[in-house]
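One structure is given below, encoded as structure tokens.
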Amino acid sequence: MNTLKDAKIGQTVKVVKLHGEGAVKRRIMDMGLTKGVEVYIRKVAPLGDPIEITVRGYELSIRKADAQMIEIG
């Protein structure tokens, strides 16, 4: 299973499935990361946390722990 955490800089990926429970999953969905949306990986911080992405036309920084819950294809 590939997750957003495994994606490389400059890659455009599509969200396949969101893992996680309740409030955490809801927060990820509220940020616009839903099934079928395309995500562009802009930058990764020097220590790998956070990951800067572009989704639905806006920039977003997401923690590695949250990125690991987003399955990509």
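Note that CD1 of Ile62 is 9.5 Å distant from CD1 of Ile41, once rounded to the nearest 0.5 Å. How far CG of Asp30 is from NZ of Lys25: 12.5 Å, rounded to the nearest 0.5 Å. Put simply, CD on Glu71 and OG1 on Thr3 are 9.0 Å apart, with the number rounded to the nearest 0.5 Å. Between atom CD1 of residue Ile51 and atom CD1 of residue Ile9 there is a gap of 9.5 Å, rounded to the nearest 0.5 Å. Rounding to the nearest 0.5 Å gives a distance of 10.5 Å between CD1 of Ile28 and NE2 of His19.
Taking both residues in full, the closest heavy atoms of Met69 and Val24 are given as CE-CG1, 3.5 Å, listed atom of the first, atom of the second, then distance. In this structure, Ala7 and Ile72 approach most closely via the heavy-atom pair CB-CD1, 4.1 Å. Taking all atoms of both residues into account, the shortest heavy-atom contact from Met29 to Leu18 is CG-CD1, 3.3 Å.
One hydrophobic cluster, built from ILVMFWY side chains closer than 4.5 Å, cannot hold both Val39 and Val16; they sit in different ones. Linking Ile, Leu, Val, Met, Phe, Trp and Tyr whenever their side-chain heavy atoms come within less than 4.5 Å leaves Tyr40 and Val37 in two separate clusters.
The residues Asp66 and Lys5 are annotated as not salt-bridged, no charged nitrogen and carboxylate oxygen being separated by less than 4.0 angstrom.
Take Thr34 and apply the side-chain hydrogen bond (donor to acceptor under 3.5 Å, both in side chains) test, not counting sequence neighbours, and it matches Arg56. Remark: Glu52 pairs with Arg42 by the side-chain hydrogen bond (donor to acceptor under 3.5 Å, both in side chains) rule, at least two apart or across chains. Listed by chain and number, the residues in a side-chain hydrogen bond (donor to acceptor under 3.5 Å, both in side chains) with Gln68 amount to none (sequence neighbours excluded).
Between the side chain of Asp49 and the main chain of Lys64, a donor-acceptor pair closer than 3.5 Å is present.
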(request) Check step by step if side chain to side chain contact (heavy atoms under 4.5 Å, CB included) holds for Leu60 and Thr54. (result) CA-CA 6 Å; Leu60 178 68; Thr54 300; over 6 Å; no
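Counting heavy atoms from C-beta outward, Leu33 and Ile53 have side chains that approach closer than 4.5 Å.
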